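Everything below concerns the one structure shown next.
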Amino acid sequence: MRSLLRRLVGQPGDLEHEGDETCIYAIGDIHGHAELLHEICARIDADIRKFRPARPIQVFLGDYIDRGPDSRDVIAMLDQRRRTHSVVCLLGNHEACLLEFLVNPDMLAQWRQFGGLQTLMSYGLSPSPNPDAAERRALAQQLIRQMPPAHLAFLRALPITFSYGRYFFVHAGVRPGIALKQQRKEDLLWIRDDFLVSEDDFGKVVVHGHTPVREAELLRNRINVDTGAYATGRLTCVKLEGPRRTLLTTGNRAPRHGYNDGQHNG
């Protein structure tokens with residue numbers, strides 16, 4: 001399975017073929033909530049045991065850190081899971097901010113506004129509510145010392161996109177009118193409105209997170225599985241088997257079956 005995954009990640013283009021039995025589980029933004037990650041992984045594992053897909057691949061769509069209290073634990077869990085399962089972890093804008101902070105500590109002035117201090121605290125640091133320039137530099141140095149080398153290696157190796165068959169996986173979305181292979185990193189990690197309102201055919205169905213929604217969006221041209229886990233307690237996964245889409249969520253919700261490629265939903 002690991003050799004299969006290496007081929008999938010390293011090979012561009014449409015990897016799906018007739019009779020393909022690959023099943024992909026795509027998971028939305030976790031934001032420092034290890035208990036929700038544990039729960040969604042348990043649901044995925046139970047689904048795999050029940051239905052026994054031939055080639056299950058799990059794709060985590062970024063934003064593992066910030067906002068919640070357990071960023072360190074989430075990174076550790078993901079790093080461990082990819083050693084025992086076929087897992088692709090993508091870069092989110094929050095991980096990009098952490099990496100930028102390590103080389104440009106002044107980035108903390110922006111990063112702290114959307115949860116960066118919680119990540120620092122999860123690694124045992126004690127930042128003030130509004131660190132000045134000297135403290136920002138000190139915190140960056142402390143984080144490098146406190147962060148296990150495996151965590152830093154995990155973050156630095158995160159790819160920005162993953163493509164399989166009819167689906168294109170990315171954290172935030174894509175710029176309409178631009179070919180998937182020509183997308184800018186900034187758009188892939190940060191785009192919202194121009195992408196969200198577009199009814200364009202992007203060439204593949206874009207599976208993303210980044211923009212919280214009350215319920216997962218299963219649309220003709222995109223799938224959004226960010227259900228605001230840090231605020232709602234609902235971490236969502238979409239299970240993709242060819243045209244079939246099924247939702248798994250944390251909490252007391254049964255799996256819900258969604259839109260088929262032959263229909264238009266929303």
Side-chain angles (χ1 to χ4, degrees), residues 1-12 15-16 20-49 51-66 68 70-99 102 119 122-123 146-165 167-172 188-189 207-210 225-226 229 235-241 248-250:
M1 182 63 73
R2 290 183 181 178
S3 61
L4 167 67
L5 185 57
R6 284 195 291 269
R7 293 198 301 273
L8 299 184
V9 175
Q11 181 176 345
L15 300 174
E16 187 179 44
D20 191 351
E21 297 179 345
T22 299
C23 174
I24 300 180
Y25 297 84
I27 301 94
D29 303 32
I30 301 164
H31 279 308
H33 281 275
E35 80 286 0
L36 297 180
L37 174 59
H38 183 272
E39 183 178 348
I40 202 69
C41 287
R43 288 177 179 260
I44 292 170
D45 290 344
D47 193 84
I48 291 172
R49 287 194 300 271
F51 295 104
R52 298 186 179 276
R55 300 185 187 94
I57 301 173
Q58 297 162 50
V59 181
F60 292 85
L61 296 169
D63 280 10
Y64 315 120
I65 63 171
D66 298 348
D70 310 317
S71 292
R72 177 182 177 135
D73 290 344
V74 168
I75 295 299
M77 290 171 65
L78 290 173
D79 189 41
Q80 178 60 33
R81 190 166 181 84
R82 68 177 184 161
R83 301 175 191 275
T84 56
H85 298 71
S86 293
V87 168
V88 178
C89 292
L90 298 181
L91 181 71
N93 62 306
H94 285 251
E95 290 77 47
C97 286
L98 185 156
L99 292 171
L102 294 178
T119 294
S122 79
Y123 281 96
Q146 290 288 101
M147 184 176 286
H151 290 205
L152 190 56
F154 171 87
L155 292 166
R156 286 175 169 165
L158 294 174
I160 299 176
T161 68
F162 174 67
S163 181
Y164 191 94
Y167 297 108
F168 182 83
F169 301 86
V170 66
H171 176 63
L188 296 170
L189 296 180
V207 184
H208 67 98
H210 185 58
V225 289
D226 180 6
L235 180 59
T236 296
C237 166
V238 62
K239 176 184 176 183
L240 304 168
E241 299 174 285
L248 307 174
T249 68
T250 59

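Count residues from 1 along the sequence. Note that the coordinates shown come from a computational prediction; the quantities given were computed from them, not determined experimentally.
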Please output the side-chain donor-acceptor pairs of residues 88-95 that fall under 3.5 Å, not counting sequence neighbours, one pair per line with the distance.
from	atom 1	to	atom 2	distance (Å)
N93	OD1	H171	NE2	2.8
N93	OD1	H210	ND1	3.4
H94	ND1	D66	OD2	2.6
E95	OE1	D63	N	2.8
E95	OE1	G92	N	2.8
E95	OE2	D63	N	3.3
E95	OE2	Y64	N	2.6
E95	OE2	I65	N	3.3

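A donor atom on one side chain and an acceptor atom on the other are found under 3.5 Å apart for Q58 and R81.
Taken to the nearest 0.5 Å, the OH atom of Y123 stands 5.5 Å off from the CD1 atom of I75. To the nearest 0.5 Å, atoms OG1 (T250) and CD (E35) are separated by 8.5 Å. Distance CD1/I57 to SG/C23: 9.0 Å, rounded to 0.5 Å. Atoms CD and CG, from E39 and L248 in turn, are 11.0 Å apart once rounded to the nearest 0.5 Å. Taking CG of D226 as the reference point, atom OG1 of T236 lies at 8.5 Å (rounded to 0.5 Å). To the nearest 0.5 angstrom, S122 atom OG is 10.5 Å from Q146 atom CD.
Counting heavy atoms from C-beta on, the side chains of C237 and I44 come closer than 4.5 Å. Taking the side chain as every heavy atom from C-beta outward, T22 and Y164 approach each other to under 4.5 Å. Contact annotation: the side chain of I27 approaches that of L235 to within less than 4.5 Å [non-hydrogen atoms, C-beta and beyond]. Side-chain contact between I30 and L36 is absent, with no heavy-atom pair separated by less than 4.5 Å. Side-chain contact between V87 and L78 is absent, with no heavy-atom pair separated by less than 4.5 Å. Side-chain contact between V170 and L61 is absent, with no heavy-atom pair separated by less than 4.5 Å. Residues V59 and Y25 form no side-chain contact, since every pair of their non-hydrogen atoms from C-beta on lies 4.5 Å or further apart. Inter-residue side-chain proximity for F154 and R82 is flagged as met; some heavy-atom pair is nearer than 4.5 Å.
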Is there a side chain to side chain contact (heavy atoms under 4.5 Å, CB included) between F51 and K239? Walk through the geometry before answering. CA-CA 12 Å; F51 295 104; K239 176 184 176 183; 3.5 Å; yes
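The pair R52-D47 does not meet the salt-bridge criterion, since no charged nitrogen lies less than 4.0 angstrom from a carboxylate oxygen.
Heavy-atom minimum distance, D70 versus A34: OD2-N, 3.3 Å. The nearest pair of heavy atoms linking E21 to A54 is OE1-CB, 3.1 Å. Of all non-hydrogen atoms in P53 and P56, the two that sit nearest each other are O-CD, 3.5 Å. Looking at every heavy atom in both residues, P148 comes nearest to R72 through CG-NH2, 3.6 Å.
For H151, the NE2 atom is densely surrounded, since the number of other residues' heavy atoms within 6.0 Å is greater than 12.
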